[in-house]
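In what follows, a single structure is set out as structure tokens and then discussed.
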Amino acid sequence: LKQTGGSSFGWDWLNPRDFGSVTVLASGVVISVFLYWGWDTAANLNEESDKSNENPGKAGMIGMVFLLGIFVLSTISIQLTLTSDQIAGSSSALNLWAETIFPQPWASLGVLALVSSTVATVQTTLLPSVRTAFSMGRDRTLGKVWTEVHPRFKTPFYGTMLMFGIIAAISILDLKAGKLNAVVTAGVTAIGILVSFYYGLAGLACAVYYRKRVFTSVGAFFAVGLFPLASGAALWALGGYLIYSDWTNSGDLVFDATNGKFQALIPVLVILSGIPVLIYSRLRYNSDFFRGRRSVLPGMAIAPAPAGGGGGGGGGGGGH
């Protein structure tokens, strides 16, 4: 191993109360949400999994535990190895870290790890979003194109290609927003805010859907009532605070990834863009979903609601 020149380790690195300021805490939480986002993909693919009532949930929870260990160890290692200036000036801290402590050709494993993680990120972007759109198409809260299933692979193929095209167009547009590092940083923050928003909705939906179970026992009160609501409220509060902080701490709005107002505006516009879609779907499709009932399209089957559940709701991706 090569000589390293990073910071000396201190146990205060692991102190959750030593975050400096509310703005730093909000930024860290939003980035953490982005880092952990994707491990719920197994739940979005539950109807394509063996033992769909158990395995997807176990995969997500076990993956989260291992991911926490990997992130903590890798972050500590990078801080021990690289200086703050090296980290800030590097286009890829992972590659620089690998080149610093490993000789070639082993240092090239950093590039391999980066490429493989990029592929995984693309998959965890496409799969849950397309399966969610598939579910919404089933309930006629989105158009029929999202429900088209490939005759051979039995997956929402056309919706996947459409979502890929949308993501590719956004990626090309991002090239005009500044340097790669700034675009990636702004993208992570924006996506983290959006994920915080919909995870907060998931917490609210959990409490509403299982509302009849909340007061059946102490465990149920915490598991399907208090914890989901408190977690969702915390994510909304921190995400909202970060938007407010970015907007108020910047000057004029500029189409640039380093501009705080631009960073704050993007997730807000994405969220607001759902309102006209919601109104159009409500008027155009007159879905049973808006009346608390779930729709079933020809050739599809949906699992029954759990015993004691609160009634209707969108649920996961529709069965094929």
Side-chain angles (χ1 to χ4, degrees), residues 32-71 116-117 119-139 146-147 149-150 153-157 159-160 195-196 198-232 235 289 293-297 299-320:
S32 298
V33 169
F34 172 82
L35 293 176
Y36 288 102
W37 173 53
W39 290 92
D40 55 348
T41 300
N44 290 96
L45 301 177
N46 60 340
E47 292 173 354
E48 301 171 39
S49 307
D50 292 333
K51 297 182 179 179
S52 60
N53 291 333
E54 298 181 8
N55 285 349
K58 289 180 179 178
M61 297 305 296
I62 294 173
M64 290 280 286
V65 173
F66 277 99
L67 193 65
L68 174 61
I70 292 172
F71 281 158
S116 62
S117 65
V119 173
T121 300
V122 172
Q123 290 179 326
T124 55
T125 300
L126 281 174
L127 292 176
S129 56
V130 173
R131 293 321 190 273
T132 300
F134 181 79
S135 173
M136 296 175 71
R138 174 203 63 198
D139 287 327
W146 300 102
T147 67
V149 175
H150 194 280
F153 300 109
K154 306 302 181 183
T155 57
F157 174 80
T160 302
V195 176
S196 296
Y198 93 72
Y199 276 177
L201 284 178
L204 175 62
C206 177
V208 172
Y209 189 70
Y210 293 105
R211 60 188 179 275
K212 294 182 180 178
R213 293 188 182 183
V214 171
F215 297 107
T216 58
S217 68
V218 175
F221 173 78
F222 285 99
V224 299
L226 181 60
F227 287 163
L229 284 176
S231 300
L235 287 173
F289 174 83
R293 298 189 296 272
R294 300 177 70 184
S295 305
V296 182
L297 297 180
M300 296 185 182
I302 57 175
H320 331 329

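What you see is a predicted model; the values in this text were computed from it and never measured. As a basis for the values below, the full set of heavy atoms in this structure was taken, side chains included, without hydrogen atoms, waters or symmetry mates.
Residues Tyr210 and Val224 approach most closely at CB-CB, 4.0 Å, considering heavy atoms. Closest non-hydrogen pair, Arg138 versus Thr147, comes out as N-CG2, 3.4 Å. Closest non-hydrogen pair, Phe222 versus Pro228, comes out as O-CD, 3.7 Å. Gly225 and Val214 make their closest contact through CA-CG2, 4.2 Å (heavy atoms, listed as atom of the first residue, atom of the second, distance). In terms of heavy-atom proximity, Pro56 sits nearest to Lys51 at CD-O, 3.6 Å. Scanning both residues, Arg213 and Ala220, for their nearest heavy atoms gives O-CB, 3.2 Å.
Screening Val130, Thr155, Leu127 for a side-chain contact (heavy atoms from CB on, under 4.5 Å) involving Thr160 leaves a single residue, Val130.
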Chi angles and distances behind the side chain to side chain contact (heavy atoms under 4.5 Å, CB included) call for Val33, Leu235 | CA-CA 9 Å; Val33 169; Leu235 287 173; 3.7 Å; yes

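Taken to the nearest 0.5 Å, the OG atom of Ser231 stands 12.5 Å off from the CG atom of Leu204. How far CZ of Phe227 is from SG of Cys206: 12.0 Å, rounded to the nearest 0.5 Å.
Classification of the Phe221-Phe215 ring pair by plane angle, with boundaries at 30° and 60°, yields tilted.
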